[in-house]
There are 2 protein chains.
Amino acid sequence: MPDPTADSPRRTILDSAAHLFARKGFAATGMREIARNAHVNLAMINYYFGSKIDILRILLDEFFTGFLAEAEIHLTQPADLNTKLTAYIHGAIRYFSRNIDRHRVAIIEFPFEIPEIVDLKTNYVRRLIGLFHQNILPPDSSRPAANLDAFPIAIIGPALGAMMSSFFLMSPIISKLRPVEITPAFIDWYADIIATLFLHGVPELLSRAGMHIPSTPGDPS
Amino acid sequence: MPDPTADSPRRTILDSAAHLFARKGFAATGMREIARNAHVNLAMINYYFGSKIDILRILLDEFFTGFLAEAEIHLTQPADLNTKLTAYIHGAIRYFSRNIDRHRVAIIEFPFEIPEIVDLKTNYVRRLIGLFHQNILPPDSSRPAANLDAFPIAIIGPALGAMMSSFFLMSPIISKLRPVEITPAFIDWYADIIATLFLHGVPELLSRAGMHIPSTPGDPS
DNA sequence: AAACTAGTCAAACGTTCGTTTAAGTCGAAC
DNA sequence: GTTCGACTTAAACGAACGTTTGACTAGTTT
């Protein structure tokens with residue numbers, strides 16, 4: 001019987017690759033480096049995975065499959081739209097925080113010129129859009145493409161995704177300017193900000209902080 | 001006199017490198033490929049730039065310097081905060097659209113492990129935050145770090161940046177799902193959506209499209 | 001005319017890349 | 001006890017990498 005424990009070479013290699021891909025990028029990470037980091041022999045990687053790009057494909061599949069499952073939980077619950085959207089945002093950001101390396105790889109690693117990877121991502125995005133059409137958007141918006149120009153989900157969807165990912169993607173810079181410790185409490189606080197921003201805009205965040213947007217330039221009160 | 005025309009090898013090489021870095025990534029792009037694309041001899045690149053990473057540094061410096069100049073124009077104008085923010089968002093997105101390749105390189109190319117590049121980016125972000133503190137945030141917020149936790153610019157800033165960049169970064173996927181032509185009219189339309197989303201939240205976009213957020217699940221009207 | 005300079009080039013430097021090969025280990029199956 | 005298959009290994013493969021060298025051109029300076 002093969003060994004399915006957490007210390008199996010397969011999983012060790014995948015975790016090691018995710019760690020390195022997230023920090024150096026796919027192209028800049030060498031097979032020997034993955035092997036060294038995972039404490040396995042170089043040839044074992046090709047034995048288990050075939051090729052380097054197969055590792056990337058598996059990491060992406062793992063990440064997006066888990067994300068779609070998480071999204072479906074929150075989007076299909078019987079609740080009003082605001083509740084579903086808030087739950088979706090919180091669930092997504094918690095999922096990112098549980099899979100920081102894979103999230104970074106899945107978002108950043110974006111070789112235009114490897115159509116195979118672009119197609120893989122496109123497919124998952126298509127399924128996510130399907131979830132939104134069935135559970136979030138007004139029922140009449142799922143029919144014709146006409147009012148998709150009026151409510152441009154192809155713009156707002158990526159924008160929301162980018163908002164939710166922003167902290168994780170820019171954390172190397174953010175933590176230099178204002179060091180943060182990624183605790184569950186921080187993640188919830190962060191998700192609250194993103195959800196509020198998406199659902200109510202920045203003035204709501206200002207007023208929560210006891211500030212407001214002055215209507216006259218130079219008038220602080 | 002050296003030749004400062006647009007066809008100088010320097011500029012040709014930089015444009016070629018930006019084009020390839022944006023599509024394949026810094027690490028996956030070879031010097032020979034840049035040379036071939038720019039129709040110059042391989043050795044000329046090292047003659048003009050010294051090393052590969054120097055090309056990246058120059059591209060990032062060009063992009064961020066231009067971006068800061070653009071941001072300063074809109075943030076320092078005498079107007080109310082809403083106007084300044086809207087102008088900033090439109091200006092930034094127009095700047096991205098004018099420098100698509102360099103924008104992509106500047107945002108995506110993020111080797112954790114090359115501190116030199118991280119420091120370069122951190123410095124420019126610091127200067128951008130300075131612009132906001134001096135021109136946008138309520139005057140009392142520029143003093144103590146206390147209420148920066150109440151109004152977390154370290155979260156909202158990156159989130160806005162990610163929103164503005166989202167279309168350009170994900171365009172390989174977006175254009176597969178819904179082909180778009182990047183015209184000035186489209187850019188303005190896109191910037192309008194992002195500005196509305198940031199300043200008023202998604203319900204405003206829904207109501208503009210003649211939709212609204214139903215408060216009862218399954219109630220479309 | 002000679003010396004100098006910036007630019008351009010083909011060729012080669014040493015290193016690292018992803019992958020493959022062929023030999024070997026070891027427990028289970030027969 | 002032998003055979004088998006899954007696993008592991010050191011070594012090597014050819015190709016591509018970033019960079020350097022040294023010769024050569026052509027325009028300017030002295």
Side-chain angles (χ1 to χ4, degrees), chain A residues 1-60 105 109 111-117 120, chain B residues 1-60 105 109 111-117 120:
Chain A
M1 180 173 60
D3 185 8
T5 68
D7 293 301
S8 72
R10 248 191 92 88
R11 191 114 306 262
T12 311
I13 294 169
L14 276 179
D15 287 340
S16 173
H19 179 87
L20 290 167
F21 288 172
R23 279 158 187 77
K24 313 186 53 176
F26 173 74
T29 301
M31 299 287 271
R32 286 160 184 82
E33 203 175 358
I34 299 174
R36 200 181 319 127
N37 195 278
H39 303 105
V40 299
N41 186 275
L42 166 62
M44 302 211 60
I45 305 181
N46 288 86
Y47 175 78
Y48 277 108
F49 296 96
S51 71
K52 189 185 175 188
I53 196 140
D54 284 320
I55 304 177
L56 178 60
R57 192 196 354 261
I58 291 174
L59 287 175
L60 297 184
V105 174
E109 214 52 66
F112 266 69
E113 312 275 316
I114 309 184
E116 180 189 4
I117 299 296
L120 186 152
Chain B
M1 178 173 61
D3 185 8
T5 67
D7 293 301
S8 74
R10 248 190 93 89
R11 192 113 308 259
T12 309
I13 293 168
L14 276 180
D15 287 340
S16 172
H19 180 87
L20 290 167
F21 289 171
R23 279 155 187 78
K24 312 187 53 175
F26 173 74
T29 301
M31 299 287 272
R32 287 161 183 81
E33 205 174 356
I34 300 174
R36 199 180 321 127
N37 195 279
H39 303 104
V40 301
N41 186 273
L42 167 62
M44 300 211 60
I45 304 182
N46 289 87
Y47 175 78
Y48 277 109
F49 296 97
S51 70
K52 188 184 173 187
I53 197 145
D54 283 321
I55 304 177
L56 178 60
R57 194 200 350 265
I58 291 174
L59 287 176
L60 296 184
V105 174
E109 214 52 67
F112 266 68
E113 312 277 316
I114 308 184
E116 181 191 4
I117 299 297
L120 186 151

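Each chain gets a letter, A, B and so on, in the order its sequence line appears, and its residues count up from 1.
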**Student:** Which value, rounded to the nearest 0.5 Å, describes the distance between A:Met31 atom CE and A:Ile55 atom CD1?
**Tutor:**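 It is 5.0 Å, given to the nearest 0.5 Å.
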
**Student:** Quickly work out the B:Ile13 CD1 to C:dC9 C1' distance and round it to whole Å.
**Tutor:**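 Going from B:Ile13 (CD1) to C:dC9 (C1'), I get 13 Å.
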
**Student:** If you measure from CG on A:Leu14 to CG on A:Leu59, what distance do you get to the nearest 0.5 Å?
**Tutor:**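 Result: 5.5 Å between the selected atoms.
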
**Student:** Grab the two heavy atoms, one from B:Glu109 and one from B:Phe21, that are nearest each other, plus how far apart they are.
**Tutor:**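 Closest heavy-atom pair between B:Glu109 and B:Phe21: OE1-O, 4.2 Å.
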
**Student:** Within this structure, what is the CG-to-C1' distance between A:Asn41 and D:dC7, rounded to whole angstrom?
**Tutor:**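 Going from CG in A:Asn41 over to C1' in D:dC7 covers 11 Å.
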
**Student:** Once you apply a heavy-atom cut-off of 4.0 Å, does B:Tyr48 come out as touching a base, just sugar-phosphate, or nothing?
**Tutor:**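 If one applies the 4.0 Å heavy-atom cut-off, B:Tyr48 turns out to touch the sugar-phosphate alone, with no base involved.
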
**Student:** Indicate for each nucleotide in nucleotides 14-22 of chain C, in 5' to 3' sequence, whether protein heavy atoms under 4.0 Å reach the base (B), only the sugar-phosphate (S), or nothing (-).
**Tutor:** ---BBBBB-

**Student:** Whole angstrom is fine here: how far is it from NE2 in A:His39 over to P in D:dT8?
**Tutor:**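 From A:His39 NE2 to D:dT8 P: 15 Å.
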
**Student:** Rounded to whole Å, please give me the gap between CD1 in B:Ile45 and C1' in C:dA10.
**Tutor:**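 Rounded to whole Å, this separation is 15 Å.
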
**Student:** Between CG of B:Asp15 and CG of B:Leu20, what distance do you get to the nearest 0.5 Å?
**Tutor:**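 Separation between the atoms: 11.0 Å.
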
**Student:** Can you spot which of B:Leu120, B:Ile114, B:Val105 makes a side chain to side chain contact (heavy atoms under 4.5 Å, CB included) with B:Leu56?
**Tutor:**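 Answer to the side chain to side chain contact (heavy atoms under 4.5 Å, CB included) test with B:Leu56 among B:Leu120, B:Ile114, B:Val105: B:Val105.
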
**Student:** Is the positively charged end of B:Arg23 above the ring of A:Phe112, judged by distance under 6.0 angstrom from the centroid and angle within 45° of the axis?
**Tutor:**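 Pair B:Arg23/A:Phe112 counts as cation-pi.
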
**Student:** Between N or O atoms, less than 3.5 Å apart, protein on one side and nucleotides 24-27 of chain C on the other: list the pairs.
**Tutor:**
none

**Student:** Using atom types as modelled, flag every donor-acceptor pair under 3.5 Å from a side chain in residues 38-46 of chain A to any protein atom, sequence neighbours excluded.
**Tutor:**
unit_1, atom_1, unit_2, atom_2, d
A:Asn41, OD1, A:Ala43, N, 2.9
A:Asn46, ND2, A:Gly50, O, 3.0

**Student:** How many angstroms lie between CD1 in A:Ile117 and CZ in A:Phe26, if you round to the nearest 0.5 Å?
**Tutor:**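 Going from CD1 on A:Ile117 over to CZ on A:Phe26, the span is 7.0 Å.
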
**Student:** Polar-atom pairs under 3.5 Å, protein N or O versus N or O of nucleotides 24-26 of chain D: list them with distances, or write none.
**Tutor:**
none

**Student:** What residue pairs, at least two apart or across chains, pass side chain to side chain donor-acceptor pair (under 3.5 Å) with a residue in residues 27-38 of chain B?
**Tutor:**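 Applying side chain to side chain donor-acceptor pair (under 3.5 Å) to every pair that reaches into residues 27-38 of chain B, excluding sequence neighbours, yields B:Ser16-B:Asn37, B:Lys24-B:Glu33.
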
**Student:** Distance check needed: D:dC7 P versus A:Phe49 CZ, whole Å only.
**Tutor:**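 Those two atoms, CZ and P, are 12 Å apart.
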
**Student:** Can you name the nearest heavy-atom pair linking B:Phe49 to B:Arg10, along with the distance?
**Tutor:**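 Taking every non-hydrogen atom into account, CZ-O, 3.6 Å.
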
**Student:** How long is the straight-line distance from OH of B:Tyr47 back to CD1 of B:Ile13, given to the nearest 0.5 Å?
**Tutor:**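 With rounding to 0.5 Å, CD1 (B:Ile13) is 11.5 Å from OH (B:Tyr47).
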
